[in-house]
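Working notes, beginning with the structure itself.
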Number of protein chains: 2
Amino acid sequence: MTTTKKQMLLDAALTLFVANGIDSTSTASIAKLANVANGTLFHHFKSKAALVHTLYLTVKQELSAQISPQKINNDCINEQAYFIWNKAIDWSITNPEKLQFFKQITYSKALSVELRAEVMAQELSFLSQLITIGQQQKIIADYPIDLMLDAAQGLFISSSSFFIDHPQYINNQDYRTSAFKIFLSALSRG
Amino acid sequence: MTTTKKQMLLDAALTLFVANGIDSTSTASIAKLANVANGTLFHHFKSKAALVHTLYLTVKQELSAQISPQKINNDCINEQAYFIWNKAIDWSITNPEKLQFFKQITYSKALSVELRAEVMAQELSFLSQLITIGQQQKIIADYPIDLMLDAAQGLFISSSSFFIDHPQYINNQDYRTSAFKIFLSALSRG
DNA sequence: GTCTATAGACAGATAGAC
DNA sequence: GTCTATCTGTCTATAGAC
């Protein structure tokens, strides 16, 4: 058995959080699904909040690792954006529970605004870089960058949710292309 | 005193739901803030879930009434979109708590997917009409309409949240105009 | 590290007087 | 309609044996 009990607790928590919501999920039910005693949960995580916190960081890092490019260059910005966008959408389709959890926690009060902003800045710094290069090349619009990042995140979440809620369109090229076009033209120069 | 106890309970619930989250808010604390006895809450609402449900419908109808135009015509689609967008943003800025509640509940498990979709379809019917007219006039892109509606809602939520989280930009014309341009160009024909 | 057992607080909801 | 009082169940977290 290579999976540790700590990891089994995180997996069980993700499943139950997505199914019932974070606050409505008891630590007892998490431990039960993970086939672990109640006390063991509190050995690995000093509180329920600490478990949520750890799970959030884990998911965020996984997404970041999945979509961040090896290297950003000055070549065709649109094409680099295309690859990042599609890797992000693919990740969410492959991991619908993780996207759902990410969505819930992003729009809830479970985490402080500061922590969310910090993780966003750290993990997704390459996005800001890409936008800045695109602005210098007069490809991306000169809107305030903080507003653009929020809009990009909003479109990623709404598009991913759409494909998860309507799986029949996941391999529909019309829908896939449209989603990217909406994203790109939202941020492009007019 | 014109405000009924039922309304005071709804007001108190909104405040506490936004401050602490829906599940983390006890019915006792709602009753206390409303200066009402615990049992009175259960006289007006048969359960906590019924209270949440009523509050959701109230907020949704208020937003809809605020932004829906008297009449949709075939004149300049961009301008009609401009008015609707700004009325929506203004509503959210004037009612930050209501937007926050709307955001939380939209992305949580507190309400069934069916109810949300039903209310959304009813409320946003005039938006679908506007998009269809814009497509006929070759102004709006021919993306699938369900995808466009989800994108529009995602941009509304991310933009509203941005202004509420950064109130110093509410009257900044650069930010306000940029937010609308992002929204419009996302849906416009390339 | 993992377990059992339980403390201690608090939740949602009901009953019945006024 | 509104109140007080209270029931029953559940929650997070801890203590201590193994």
Side-chain angles (χ1 to χ4, degrees), chain A residues 1-59 97 100-101 104-105 108-112 115, chain B residues 1-59 97 100-101 104-105 108-112 115:
Chain A
M1 181 177 76
T2 161
T3 322
T4 65
K5 301 225 167 193
K6 185 171 178 176
Q7 187 57 48
M8 289 166 69
L9 282 164
L10 286 170
D11 292 344
L14 178 65
T15 301
L16 292 172
F17 287 165
V18 169
N20 314 317
I22 297 171
D23 288 340
S24 302
T25 300
S26 68
T27 52
S29 66
I30 296 170
K32 189 179 176 186
L33 182 63
N35 278 114
V36 158
N38 203 322
T40 305
L41 186 153
F42 287 95
H43 171 74
H44 290 291
F45 307 97
K46 79 166 200 288
S47 67
K48 181 181 175 181
L51 193 165
V52 173
H53 184 259
T54 302
L55 186 59
Y56 173 67
L57 289 178
T58 306
V59 171
E97 286 190 333
Q100 179 66 38
F101 171 70
Q104 272 177 236
I105 205 161
S108 81
K109 291 274 165 181
L111 291 180
S112 71
L115 177 68
Chain B
M1 182 175 77
T2 160
T3 322
T4 66
K5 301 226 167 192
K6 185 172 180 179
Q7 187 58 49
M8 289 165 70
L9 282 163
L10 286 170
D11 293 344
L14 178 65
T15 302
L16 292 171
F17 286 164
V18 168
N20 314 317
I22 296 171
D23 288 341
S24 303
T25 300
S26 68
T27 51
S29 66
I30 295 170
K32 189 179 175 187
L33 183 62
N35 279 115
V36 159
N38 202 319
T40 305
L41 187 152
F42 287 94
H43 171 75
H44 290 289
F45 308 97
K46 80 168 199 287
S47 67
K48 182 182 174 180
L51 193 163
V52 172
H53 184 259
T54 302
L55 186 57
Y56 172 68
L57 289 178
T58 305
V59 170
E97 286 190 335
Q100 178 68 38
F101 172 71
Q104 273 175 234
I105 207 160
S108 81
K109 292 273 165 181
L111 290 182
S112 73
L115 176 67

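Please read these numbers as outputs of a predicted model, since none were measured by experiment.
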Where the side chain of A:Lys48 meets the backbone of A:Ile22, is there a donor-acceptor pair that is under 3.5 Å apart? yes

With rounding to the nearest 0.5 angstrom, report the CD to OG1 distance, B:Gln100 to B:Thr15. 12.5 Å

Once you round it to whole Å, what is the distance between P of D:dG1 and NZ of B:Lys6? 9 Å

Would you indicate, yes or no, if C:dG1 has its OP1 or OP2 atom less than 4.0 angstrom from a side-chain nitrogen or oxygen of A:Thr40? no

Do A:Phe45 and A:Leu55 have side chains that get closer than 4.5 Å, going by heavy atoms? no

Starting at CG of A:Leu9 and ending at C1' of C:dC3, how long is that distance when rounded to a whole Å? 13 Å

Write down the distance between NZ (B:Lys46) and P (C:dA13), rounded to a whole number of angstrom. 10 Å

To the nearest angstrom, the NZ-P distance between B:Lys5 and D:dG1 comes to 12 Å

Grab the CE-P distance between B:Met8 and D:dG1 for me, whole Å please. 15 Å

Among D:dT2, C:dA13, C:dT4, which nucleotide has an atom closest to any side-chain atom of A:Ala37? C:dT4

Just how far, in rounded Å, is C1' of D:dA13 from NE2 of A:His44? 16 Å

In whole angstroms, how far is the P atom of C:dA17 from the NE2 atom of B:His43? 18 Å

Among the nucleotides C:dT4, D:dT14, C:dG12, whichever has the atom closest to the side chain of B:Ser26 is C:dG12

In whole angstroms, how far is the C1' atom of C:dA11 from the CG atom of B:Asn20? 15 Å

To the side chain of B:Ser47, which of C:dT2, C:dA13, D:dA13 is closest? C:dA13

Name the nucleic acid region contacted by B:Ser29, choosing base, sugar-phosphate or nothing; use a 4.0 angstrom heavy-atom cut-off, strictly under. nothing

Selected nucleotide, minimal atom distance to A:Thr27 side chain, candidates C:dT2, C:dA13, D:dT12: D:dT12

Taking side-chain contact (heavy atoms from CB on, under 4.5 Å) as the criterion, tell me which of B:Phe42, B:Phe17, B:Tyr56 meets it with B:Leu51. B:Phe17

By nearest atom, which of the nucleotides D:dG1, D:dT12, C:dG12 is closest to the A:Asn38 side chain? D:dT12

Nearest 0.5 angstrom please: B:His44 NE2 to B:Gln7 CD, how far? 11.0 Å

